[in-house]
Protein chains: 2
Amino acid sequence: MANDNENKSIKMRDVADHVGVSVATVSRALRNPEQVSPAVRARIAAAIDTLGYLPDPAARALASTRSDLIAVILPSVSNNVFADVMDGIYAAAEGTRYSVQLGYSRYSPLSEENLTKLFLRQRPAGIVVTGIDQTDATKTLLGQANCPVVQIMETGPEPYDRMIGFSHYDAARVATAHLIAQGYRAPGFLGARMDPRTQRRLHGFRDELRAQGLEEGRRVHTTTRPSSVTLGSYLLGELLSVAPETDAVFCINDDLALGAMFEAQRRNLRVPESLGICGFNDMEMMGAAEPALTSVRTFRREMGEGAIQMILDALAEKAPASEPVLDLGFEVVARTSTQRGG
Amino acid sequence: MANDNENKSIKMRDVADHVGVSVATVSRALRNPEQVSPAVRARIAAAIDTLGYLPDPAARALASTRSDLIAVILPSVSNNVFADVMDGIYAAAEGTRYSVQLGYSRYSPLSEENLTKLFLRQRPAGIVVTGIDQTDATKTLLGQANCPVVQIMETGPEPYDRMIGFSHYDAARVATAHLIAQGYRAPGFLGARMDPRTQRRLHGFRDELRAQGLEEGRRVHTTTRPSSVTLGSYLLGELLSVAPETDAVFCINDDLALGAMFEAQRRNLRVPESLGICGFNDMEMMGAAEPALTSVRTFRREMGEGAIQMILDALAEKAPASEPVLDLGFEVVARTSTQRGG
DNA sequence: TTGTAGGCGTTATCAT
DNA sequence: ATGATAACGCCTACAA
């Protein structure tokens, strides 16, 4: 039973005295248990428990030139996509000696650079960054970081170290191909924020249209404003007024798709007959909507978990872990909203 | 211009040498600038800039027995309610010398207790916890923490220190009153997770019904499962099969409300005529839905920002800040989904 | 296997 | 206003 008493913070010294060994031994018992005899180890464990000793992370970090922090840099707090990633990250870090230090770049590469400097200064056990569009300075910093570095959310040719994600370009192409396969001949594109990953989806959309011999016309509508359901409704309205021939929309994310669907209902546009709708990410609501909405499923939680696991493996010097780049892929989940029937 | 060179981490010693002063002076220039002559201060600032010096947080924390971390403990990663709170928290911490250390309790008081111990061990500059339902051990720890403590999301009688939130009980009563005022006579209740805050909403619902002389019958449907849109659809189905007289639902959150709405559409139940729907939190999608959904607006971002501001104020020893408990209130946003017309 | 002792980069106390 | 110089709590060679 742990003893939750004594606020006068207990230090390693106290544990050592209590057991009758030196602090060095206690330290070893904690860091390299195999170097200390089972008997002593047990007594130390007991003492730690009864005294309620908790190591001081600052002292540990200072002395070992290595903290137990895993730094994570994400673009956004409020975007539910990253909420899921974080969910995976925290789940994977739970129970390990490492804790997560989160930073938000607000989609700004410069802000990301500052966070990187700040975090690297703490000599983290590992670092997780989003995507591949860092500034040159950040690239340099991460390139020579002396801890595992994992990039998430994307795949690409030159990882700093390791990478886990999927191809946004491919995902968009396949989604677009799905729309076309369903018989839609004038699909439009709704985009918000237009960060690099979103841009790559747009490229995928365009390339697929072209590859299938279709024109995009004036059916690509984007804005740099952050996405929202309301914005989805608005963008669909814009799109339809400029390109009334539009018979389907590929939306950059599920919020826009939901907004587009609501707007279609308001205009008495039948989904999927008159308008096909495809979202991106496949958040939980997509399958629950009426009509159920098609989306591209991405493995957000898995990316978070996988990133931490990669770092843990690297720290444990497990086998060079096969490929440095892990592609988790994606999956078009076809639902009613694009079921036009060829 | 900052100079992004030299990875060989630069320390205070280096900038001291560069300027020709002692490290003590550099330290002062950083912590108590007013104790250093303007001339020297300027030269130090310049040196810091050209050398690209960044202080080591571990060393600083160890020496000062005080870290620049603000610990934040929230129940959930993926719940968008807390995403908004975090948004406010990070926004308010941005630009200060403090950084945020986040922990997730997964709605477990025990987990919250462990996190509290862990975080307190780092001698944080401040700590933010969610709600008022801590374990006794946690209460003790927070009660004697020697840093500002702010509780968010609720109001209550005995804050450890400071508190910013609103009354979930009152919010539920007012929302229920709104349904009744709209002419609904058999409102039901849909709840998920049923954490303490949710329970208080249920109490509010019940008390208001009783106060208005209405019976709740068998119209309260709850589950401890985490909420989702799908679950909202499911719960409405359950509710209607057990209590077909139900003419409105007060949902514990917006996801459930959205799910209920989709389910109503599937059953060709007209909203708001045959079924009134009211959510909770007023997430962005509520106003964008078709029909637009009534909800209880809560000030999530503001709670996050406010909590950090309270801590900053306390650290700056600003005036005792009026009341220790700040009630941000709530607001029933009446939309189409409850517009039955009295 | 265990103990000794120096050092990690800052802060803070005391002088000067 | 500035400079020495002990802490701060732990880790890690090096010794024993």
Side-chain angles (χ1 to χ4, degrees), chain A residues 6-45 47-48 51-69 97 118 120-125 146, chain B residues 6-45 47-48 51-69 97 118 120-125 146:
Chain A
E6 319 310 307
N7 40 355
K8 294 296 134 222
S9 85
I10 309 212
K11 38 204 71 163
M12 195 177 275
R13 170 86 265 154
D14 301 317
V15 177
D17 291 350
H18 190 270
V19 177
V21 296
S22 73
V23 293
T25 302
V26 177
S27 178
R28 282 192 208 95
L30 258 35
R31 313 295 279 178
N32 312 80
E34 70 283 2
Q35 292 182 17
V36 62
S37 75
V40 177
R41 209 191 306 168
R43 284 161 56 214
I44 290 178
I48 287 179
L51 295 179
Y53 167 74
L54 282 174
D56 181 329
R60 170 175 279 188
L62 183 57
S64 68
T65 71
R66 174 99 303 158
S67 75
D68 285 348
L69 254 41
R97 47 182 277 205
L118 198 66
L120 245 25
R121 195 71 181 82
Q122 326 200 13
R123 308 183 211 84
N146 67 338
Chain B
E6 318 309 308
N7 41 355
K8 294 295 137 225
S9 84
I10 311 220
K11 38 202 72 159
M12 197 176 275
R13 170 85 266 151
D14 300 317
V15 352
D17 290 349
H18 191 271
V19 176
V21 295
S22 72
V23 293
T25 302
V26 177
S27 179
R28 280 191 212 98
L30 259 35
R31 311 297 276 181
N32 312 78
E34 70 282 3
Q35 293 180 14
V36 168
S37 74
V40 178
R41 208 190 305 167
R43 283 162 56 214
I44 290 178
I48 287 179
L51 295 179
Y53 166 75
L54 282 176
D56 181 329
R60 169 175 282 189
L62 183 56
S64 68
T65 70
R66 174 98 306 158
S67 76
D68 285 349
L69 254 41
R97 45 182 279 206
L118 197 68
L120 246 25
R121 195 71 180 84
Q122 326 201 15
R123 307 182 213 87
N146 68 339

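Reminder, nothing fancy here: chain letters follow the sequence lines and each chain counts from 1.
- The CG atom of B:Leu62 sits 12 Å away from the C1' atom of C:dG7 (whole-angstrom rounding).
- If you measure from atom CG of B:Asp14 to atom P of C:dC8, you get 12 Å, rounded to the nearest angstrom.
- Distance from the side chain of B:Ala24 is smallest to C:dA12 among D:dG9, C:dA12, C:dT11.
- Here the side chain of A:Ala59 is nearest to one of D:dC10, C:dT10, C:dT1, namely D:dC10.
- The CD atom of B:Gln122 lies 8.5 Å from the CG atom of A:Asp56; values are rounded to the nearest 0.5 Å.
- Side-chain nitrogen and oxygen atoms of A:Tyr53 include at least one within less than 4.0 Å of the OP1 or OP2 phosphate oxygen of D:dC10.
- One can place CD of B:Gln35 at 19 Å from P of C:dT16, the figure rounded to the nearest angstrom.
- Between B:Ile44 and B:Tyr53 there is no side-chain heavy-atom pair separated by less than 4.5 Å.
- Distances were taken from every side-chain heavy atom of A:Arg31 (C-beta onward) to each of D:dC11, C:dG9, C:dT10; the shortest belongs to D:dC11.
- A:Ile10 has its CD1 atom 11 Å from the P atom of D:dC10, to the nearest Å.
- Contact detail for B:Ile10 and B:Asp14: the closest heavy-atom pair is CA-OD2, 3.5 Å.
- Summary of the strand contacts: A:Leu30 and B:Val40 both lie near DNA chain D, and taking for each the nucleotide with the nearest heavy atom, the more 5' one is attributed to B:Val40.
- If you take CZ of B:Arg13 and P of D:dG3, they are 10 Å apart, rounded to a whole angstrom.
- Applying the 4.0 Å criterion to OP1 and OP2 of C:dT10, one finds that B:Ser64 has every side-chain N and O outside that range.
- You'll find the side chain of A:Met12 stays beyond 4.5 Å of the side chain of A:Pro55, heavy atoms only.
- A straight line from CG of B:Asn32 to C1' of D:dA1 spans 13 Å, rounded to a whole angstrom.
- One finds no side-chain N or O of B:Thr65 lying less than 4.0 angstrom from the OP1 or OP2 phosphate oxygen of D:dC8.
- In this structure, CG of B:Leu54 is placed 13 Å from C1' of C:dG9, rounded to the nearest angstrom.
- Taking every heavy atom of both residues into account, B:Val19 and B:Ala47 meet most closely at CG2-CB, 3.4 Å.
- Atom-to-atom, CZ of A:Arg28 to C1' of C:dT2 comes out at 6 Å; the value is rounded to the nearest Å.
- Interface remark: the B:Arg121 side chain does not form any donor-acceptor pair with the D:dG9 base, using a distance-only criterion of under 3.5 Å.
- Of the residues in residues 15-23 of chain B, none lies under 4.0 Å from DNA chain C by heavy-atom distance.
- Formation of a donor-acceptor pair under 3.5 Å by the B:Arg41 side chain with backbone atoms of B:Val36 is found in this model.
- Under 4.0 angstrom from either OP1 or OP2 of C:dT2 there lies at least one side-chain N or O belonging to A:Ser37.
- Between B:Arg60 and B:Asp68, at least one side-chain nitrogen of the basic residue sits less than 4.0 Å from a carboxylate oxygen of the acidic one, meeting the salt-bridge criterion.
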